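Letters A, B, ... are given to chains in the order of the sequence lines, protein chains preceding strands, and every chain is numbered from 1. Because the structure is a prediction, the values reported are computed rather than measured.
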Protein chains: 2
Amino acid sequence: MDEIARRAGVNKAMLYYHVGDKAALYAEVVLGFIALVEAETGRRMASEASPTGRLRALQETFLTLALTHPSYPQIMMREIASGGANLPAAALQRMAQVLGNTHRIVSDGLASGEFRPVDPIVAHLLIVGGAVFMANALRLRDRLSAAGAELPAEIPKPATIADRVTDILLFGIAARPAAGGSL
Amino acid sequence: MDEIARRAGVNKAMLYYHVGDKAALYAEVVLGFIALVEAETGRRMASEASPTGRLRALQETFLTLALTHPSYPQIMMREIASGGANLPAAALQRMAQVLGNTHRIVSDGLASGEFRPVDPIVAHLLIVGGAVFMANALRLRDRLSAAGAELPAEIPKPATIADRVTDILLFGIAARPAAGGSL
DNA sequence: TGTCGGTTTAACCGATCGGTTAGTTGTCGG
DNA sequence: CCGACAACTAACCGATCGGTTAAACCGACA
């Protein structure tokens with residue numbers, strides 16, 4: 001709290017006066033982020049009709065948001081790691097609704113024959129987790145390559161990364177003409 | 001450190017006497033986990049020949065380890081979230097080698113025609129991230145369903161989850177007989 | 001038996017952290 | 001001009017945390 005106040009250029013007591021205690025401030029940040037996710041996915045979903053297009057748009061939205069707001073996937077990872085110990089109930093409710101979106105898209109895709117019968121929850125976790133994980137991993141790049149990892153010299157643009165992630169995930173989820181997949 | 005000593009049933013000063021300070025203790029834990037990952041992946045890799053089998057085995061190994069040792073994916077997520085701020089250099093080096101394994105498998109699969117030309121690093125992050133994320137997300141289940149998410153009543157067995165994750169990822173990475181995929 | 005080195009313990013220390021408080025400043029209506 | 005109330009500040013408080021210390025314990029070996 002001291003550091004937050006300092007970097008915000010305000011007196012620490014003002015945080016408590018205007019926002020409340022640490023948990024309230026944290027809830028404000030998390031809920032603000034969730035609202036951004038809702039607004040952005042809603043906007044992107046509106047212009048996509050097919051389940052394939054919607055799922056791709058969903059993945060791209062998550063990844064773009066994660067890359068443009070680096071602190072958010074950081075918070076999300078820490079929160080998931082702790083089992084949501086610090087998440088206010090309202091945040092969990094709205095996260096459940098986002099999960100419901102993916103669930104619906106996958107169900108639609110399965111009904112229309114576009115998707116293979118994959119587990120919607122696993123699909124959702126891979127989509128969101130892929131975006132969040134990818135965004136966070138970028139910060140490890142420099143340290144990893146210094147440790148001897150074979151990484152390409154330059155970081156691909158966010159759009160390129162999104163394409164590659166979506167490529168793997170969607171080609172795994174989309175139904176193929178022949179070659180059935182019970183596995 | 002107080003709580004660690006208490007739950008370990010030893011006097012706190014003994015931690016400092018035998019192990020060292022907090023960073024040393026943490027490094028011990030992280031390196032122990034990485035050694036476990038190395039041993040387990042090595043064991044599984046030895047009995048798999050094809051790139052497909054190796055990649056599947058890799059994913060299953062990560063997921064199984066993450067599910068049987070819940071504290072490890074927790075630590076990994078926090079560490080990735082912080083950009084590896086607390087990772088000792090040795091840990092980063094060995095993590096880079098694990099990354100190299102995936103890179104090699106994907107390259108082999110591409111050379112043998114089993115895989116589509118996917119980004120090996122993205123593939124690695126999805127494989128590891130999928131396992132880590134999945135394992136951590138299980139702890140959110142109860143709270144999410146209480147918040148109204150549509151989740152199945154019972155938790156699938158780890159092996160089932162591993163199958164579903166691998167199903168999506170591998171069918172996205174594996175080459176298909178016809179129906180090429182430039183996307 | 002004495003003592004010497006490694007081991008263990010309870011108590012302690014300074015720094016940090018989340019949060020509060022008493023008091024000051026600013027401002028707006030009467 | 002002044003009272004009143006919101007906005008703001010510096011200083012403070014108790015709890016917690018990582019880490020240390022001085023003394024006690026204990027087995028081995030002379």
From Ile121(A) atom CD1 to Leu138(B) atom CG, the distance as rounded to the nearest 0.5 Å: 10.0 Å

From Thr68(B) atom OG1 to Glu40(B) atom CD, the distance as rounded to the nearest 0.5 Å: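 Atom-to-atom, Thr68(B):OG1 and Glu40(B):CD are 8.0 Å apart.
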
Rounded to the nearest Å, what distance is computed from the [atom1] atom of residue [X] to the [atom2] atom of nucleotide [N]?
X	N	atom1	atom2	answer
Met14(B)	dT9(C)	CE	P	6 Å
Lys22(A)	dT16(D)	NZ	C1'	12 Å
Tyr17(B)	dA23(D)	OH	P	18 Å
Asn11(B)	dT20(D)	CG	C1'	12 Å
Ile4(A)	dT16(C)	CD1	C1'	15 Å
Tyr26(B)	dG18(D)	OH	P	14 Å
Glu3(B)	dC17(D)	CD	C1'	12 Å
Asn86(A)	dG18(C)	CG	C1'	14 Å

Sugar-phosphate only, base, or nothing, as touched by Asp21(A) at under 4.0 Å among non-hydrogen atoms: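 Sugar-phosphate, backbone atoms only, no base.
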
Sugar-phosphate, base or nothing in reach of Met1(A), heavy atoms under 4.0 Å: sugar-phosphate

Closest-nucleotide ordering on DNA chain C, the 5'-leading residue of Asp2(A) and Ala13(A):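 Its nearest nucleotide being more 5', the pick is Asp2(A).
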
Presence of donor-acceptor pair under 3.5 Å, side chain of Lys12(B) and base of dG19(D): yes

Aromatic plane relationship, Phe33(A) with Tyr72(A) - under 30° parallel, 30 to 60° tilted, over 60° perpendicular: parallel

Residue of the set Asn86(B), Leu25(B), Ile75(B) for which side-chain contact (heavy atoms from CB on, under 4.5 Å) holds with Val30(B): Ile75(B)

Phosphate OP1/OP2 of dA6(D) contacted by His18(A) side-chain N/O (<4.0 Å):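 The answer is no; no side-chain N or O of His18(A) sits under 4.0 Å from OP1 or OP2.
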
CA sep, side-chain torsions, deciding dist, call: Arg104(B), Arg54(B), side-chain contact (heavy atoms from CB on, under 4.5 Å): CA-CA 10 Å; Arg104(B) 209 168 306 115; Arg54(B) 292 167 76 84; over 6 Å; no

Shortest side-chain distance from Tyr16(B), nucleotide among dA7(D), dT20(D), dT8(C):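 The nucleotide sitting nearest to the side chain is dT20(D).
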
